[in-house]
Structures are given as C-alpha cells and as structure tokens.
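Single-structure report; data block below.
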Number of protein chains: 2
Amino acid sequence: MARSRGHQSPDEEVAAPEAPSTRERILAVSLALFNTRGLGRVTTAEIAAAAGIREGNLQYHFPRKSSLVEAMFAGFEAEAAAVAGRMPADPGALLAYQRAWFDLIWRYRCVYRDGIAMVEIAPAVRPRVHTLRARTQELARAVFDAAVAAGRLRIEPEALGRLIDNAWIVSSHWMSHRLQGGTELTEADLDWGFAQVRDLFVPYLVALQPE
Amino acid sequence: MARSRGHQSPDEEVAAPEAPSTRERILAVSLALFNTRGLGRVTTAEIAAAAGIREGNLQYHFPRKSSLVEAMFAGFEAEAAAVAGRMPADPGALLAYQRAWFDLIWRYRCVYRDGIAMVEIAPAVRPRVHTLRARTQELARAVFDAAVAAGRLRIEPEALGRLIDNAWIVSSHWMSHRLQGGTELTEADLDWGFAQVRDLFVPYLVALQPE
DNA sequence: GTCTATATATAGATAGAC
DNA sequence: GTCTATCTATATATAGAC
C-alpha cells in the first residue's frame with residue numbers, strides 16, 4: 001500500500017477494514033486523552049506515545065497542538081451536522097433525537113468539559129463554537145416548538161427557552177459533576193446523565209409513555 | 001510605585017480595616033485569576049505579578065502551587081460551612097438560602113469550572129471535595145424535604161433526588177455555558193444563572209409568590 | 001512518513017543575600 | 001518578609017537524516 005498522499009481517499013472498493021491511517025490514529029487517541037484528562041493537561045508527548053509514534057512524526061501530521069485541536073473540533077462539527085440532519089418530523093421520535101445529541105456530546109465531552117482551555121489553545125475555533133451552538137439551539141427550539149404544536153409538550157414560550165438552556169447545561173456538564181469524585185466515567189454513567197436530562201422535561205410532557 | 005512597605009505589622013489594636021497581609025492578598029488575587037482563567041492555566045508568575053510581589057516571595061508564603069490551591073479550597077470549605085449554618089428553619093426562606101449557595105459557588109466558581117485540574121494539582125483536596133459535596137447534598141435534601149413537608153413543594157422523593165442533582169449541575173456549570181462565547185462574565189449573568197436554577201423548581205412549587 | 005536530535009520557552013521550585 | 005539569581009523539568013516546535 002504505497003500511499004504517497006497526505007490525504008488518502010477513503011473510497012476504497014474492497015472493505016479493507018483495518019489499517020487506519022496514522023493521522024486517524026492520532027485523532028482517535030487524542031480525542032480519548034482529551035476526554036479523560038482534559039485538553040489542557042494532555043501533552044503532545046503523551047499523544048505520540050499513545051498513538052505508537054514519535055513526537056517528530058506527530059509534528060509532521062499536526063505541526064502544532066492547535067492544529068490537532070482544530071482537527072478534533074472539525075470532527076465534532078461534522079458529526080453534529082450529521083445528527084442535526086436526522087431531526088425527526090414526528091415529535092414522537094423526540095427521545096431518540098435527544099439521545100443522539102447526548103451520545104455525541106459524550107463522545108466529544110472534552111469540548112464541553114474544557115471549553116475554555118480549548119479556545120485558549122486554538123483561538124480559531126472560538127467563532128466556530130459560537131456558530132455551532134447558536135445553530136444547534138435554534139434547531140432544538142424548532143424541534144420542541146413542533147412538540148408543543150403537536151400537543152406533546154405543554155409549556156410557555158419563555159419557559160421553553162429556559163428549559164432548553166437547562167437541558168443544554170445538564171447535557172454538557174453532568175460528566176464534570178460525576179467526575180469530581182475521582183473515578184472514571186463508564187457507559188452506565190451515560191444512562192444516568194440521560195435520565196437527568198429527561199427529568200427536566202417530565203413536568204411538561206403531556207404523554208410520557210404513550211404505550 | 002514608590003511604595004516603601006518594608007514590613008507592615010498586621011497585629012494592630014484598632015481595627016485598621018485595610019493593609020491586608022501579603023498572604024491574604026495572594027489568596028485574593030489567586031482566586032480571582034483561578035476564576036477567570038482556570039486553575040490549570042494560571043502560573044505562579046502571574047499570581048506573583050498580580051499580587052505585586054516577586055516569585056520568590058510567593059514561594060515563601062506558598063512553597064508550591066498545590067499549597068496555594070489547598071489554601072484556596074480551605075477558604076471555600078470555611079465559607080460553605082458558614083452558609084450551611086444559616087440554613088433556614090422556615091421553608092419560606094428557601095429562596096434566600098438558595099441564593100446564598102449560589103453566590104458562594106459564584107465566588108469559588110473555579111472549583112467547579114476546573115474541578116479536575118484542581119485535584120490534579122492538589123491531590124490532597126480530592127477526598128475533601130467528596131466530603132464537602134456529600135454533606136452539602138445531604139443538607140439540601142433536608143431543606144427540600146422540609147419544604148415538601150410544609151406543603152410548599154409537591155414532588156415525589158425519587159424525583160426530588162434527581163431535581164437536586166440537576167440544580168447542583170446547573171448551579172455549578174451555568175458559567176461555563178455562558179463563558180464559551182468568549183466574553184467575560186458579569187454580575188448580570190449571575191442573575192441569569194440564578195433564574196435558570198429557580199426555573200428547575202417552578203413546576204413543583206405550590207406557591208411561587210406568597211404575596 | 002517516520003525517525004533522531006536539538007532548540008526554545010515556560011513553569012515550578014530552590015538557595016541565599018538583604 | 002522580600003528580593004535576585006539559578007536550577008530542573010517539561011512542553012512545544014524545528015531541522016534534517018533515513
């Protein structure tokens with residue numbers, strides 16, 4: 001496999017499932033380290049070691065740490081757009097939609113857990129964070145407005161705005177809340193967090209379990 | 001800066017309100033810097049400069065950064081104990097009580113905003129964080145149970161547990177949520193955050209405005 | 001593409017003069 | 001108590017060999 005290009009074409013005819021490129025491996029281990037230890041507390045040396053390469057090689061793929069953070073955030077943007085595109089027309093599918101967002105936030109929790117450090121390391125992402133959040137909140141607003149119109153949610157417009165903000169905060173930061181005990185987070189914690197978010201909506205749900 | 005403060009004696013008989021000791025000044029500017037920039041992104045050099053002293057002097061008062069963080073957290077513990085002691089017997093004073101906690105969290109927001117970095121810098125505070133949180137949550141539980149008993153709050157016991165968790169998360173992290181836009185937080189934001197927390201309880205309040 | 005080797009900057013901590 | 005001067009460790013980035 002003589003790949004001489006920096007960007008390898010992902011459209012291969014046969015499904016050669018393994019052999020992830022070094023670049024992809026770097027991004028994967030970076031995200032994992034950023035998520036568990038925080039963006040500002042992970043060194044390039046650690047990333048290189050976790051990826052099984054030397055620091056010089058890491059510098060070849062990502063000249064500086066900010067490049068790495070920007071690439072990571074670009075992945076988040078792309079996945080967020082994908083989730084946004086799966087917005088359900090039926091308000092009954094609200095739960096699955098919420099869960100999709102929740103899982104995404106979980107996989108990129110470093111963005112929320114350490115958002116300030118992120119924009120300090122990579123200032124270029126700051127406007128992108130703002131844009132992404134504004135668009136996402138707009139989208140959420142539309143989804144829940146539809147749920148109100150469909151009679152599944154009973155809430156005043158202003159209260160809905162505050163509810164969405166609270167849902168956003170809990171979705172983004174329940175991990176930090178659980179982490180401070182010192183233990184690692186597991187998938188079981190993920191369900192706990194989702195239940196917490198769901199609970200915010202319970203008082204306003206017209207039919208929680210439509211059977 | 002022709003200020004010749006060779007040595008000031010802090011033990012004056014009259015209540016000379018000013019002339020804070022160097023140690024107190026260090027703690028004050030540290031807290032301010034930790035709050036605005038994050039525990040892990042503030043250097044000892046910055047702290048010394050902000051306190052108007054040299055780094056060597058800072059080392060005299062706090063031999064290592066962890067000493068400083070531990071002292072800051074001890075201040076938080078002391079103030080938390082003070083707030084806890086003002087727990088109201090009357091459930092009608094719930095709002096003022098919540099506000100006192102909210103203000104405390106605001107003044108020590110670095111503890112929540114950067115809790116992971118805190119325990120990495122100063123591992124000795126980890127069990128103390130855990131203890132403090134457990135005690136505080138217990139206290140909150142007692143207060144709200146009393147409110148339920150007094151008929152001011154209508155909610156099931158399990159739901160109350162989740163509600164308290166959500167109130168804790170929003171109280172602790174609404175700042176991070178607002179900060180990611182890039183601007184500094186102001187006191188006006190504080191009211192926004194408090195309104196968000198209050199909104200969590202609204203669906204369960206029996207009498208929101210008792211006239 | 002990956003490596004070795006090195007450079008630069010900064011953070012944190014130390015020793016000792018005053 | 002406060003300072004100057006220095007030391008060590010580490011993080012990030014560069015240059016060039018293979």
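In what follows, chains are A, B, ... by sequence order, proteins preceding strands, each numbered from 1.
Counting non-hydrogen atoms of neighbouring residues, nucleotides and ligands closer than 6.0 angstrom, the CZ atom of A/Arg135 reaches no more than 12 such neighbours.
Taking the six-membered ring for Trp and thresholds of 30 and 60 degrees, B/His177 and A/Trp168 have ring planes inclined between 30 and 60 degrees apart. Taking the six-membered ring for Trp and thresholds of 30 and 60 degrees, B/Tyr97 and B/Trp101 have ring planes more than 60 degrees apart, a perpendicular arrangement. Ring orientation note: the planes of B/His173 and A/His173 are close to parallel, at an angle under 30° on the 30°/60° scale.
Between A/Trp106 and A/Phe194, the distance separating the two ring centers is not shorter than 6.0 angstrom.
The side chain of A/Ile53 has C/dC3 as its nearest neighbour among D/dT12, C/dC3, C/dT2. Out of D/dC3, C/dT14, D/dT12, the shortest distance to the side chain of B/Gln59 is found at C/dT14.
Here C/dA11 presents its P atom at 13 Å from CG of B/Leu58, a figure rounded to the nearest Å. Per the geometry, CD belonging to B/Glu55 stands 12 Å off C1' belonging to D/dT6, to the nearest Å. Remark: P of D/dA17 and CZ of A/Arg54 are 20 Å apart, rounded to the nearest angstrom. Distance B/Glu120 CD to C/dG12 P: 13 Å, rounded to the nearest Å.
Contact annotation: A/Asn57 does not reach the phosphate of C/dG1 (side-chain N/O to OP1 or OP2, under 4.0 Å).
Taking the salt bridge (charged side-chain N to carboxylate O under 4.0 Å, His left out) definition, one finds that A/Arg109 meets it with nothing, sequence neighbours left out. The salt bridge (charged side-chain N to carboxylate O under 4.0 Å, His left out) test applied to A/Asp165 returns no partner, not counting sequence neighbours. The salt bridge (charged side-chain N to carboxylate O under 4.0 Å, His left out) search around B/Arg107 returns B/Glu79, not counting sequence neighbours.
DNA chain C lies under 4.0 Å from at least one heavy atom of each of the following residues of residues 39-48 of chain B: B/Thr43, B/Thr44. Proximity of residues 60-70 of chain B to DNA chain D (heavy atom under 4.0 angstrom from any strand atom) is restricted to B/Tyr60, B/His61.
Each end of the helix from C/dG1-D/dC18 to C/dC18-D/dG1 gets its own rotation axis from five pairs of C1' atoms, and the angle between them is 0° to the nearest 10 degrees.
Taking every heavy atom of both residues into account, A/Leu39 and A/Asp114 meet most closely at N-OD2, 3.0 Å.
With a 4.5 Å cut-off on side-chain heavy atoms, A/Phe62 and A/Val69 do not count as touching.
Atoms OG1 and CG, on B/Thr22 and B/Leu58 in that order, are 10.5 Å from each other to the nearest 0.5 Å.
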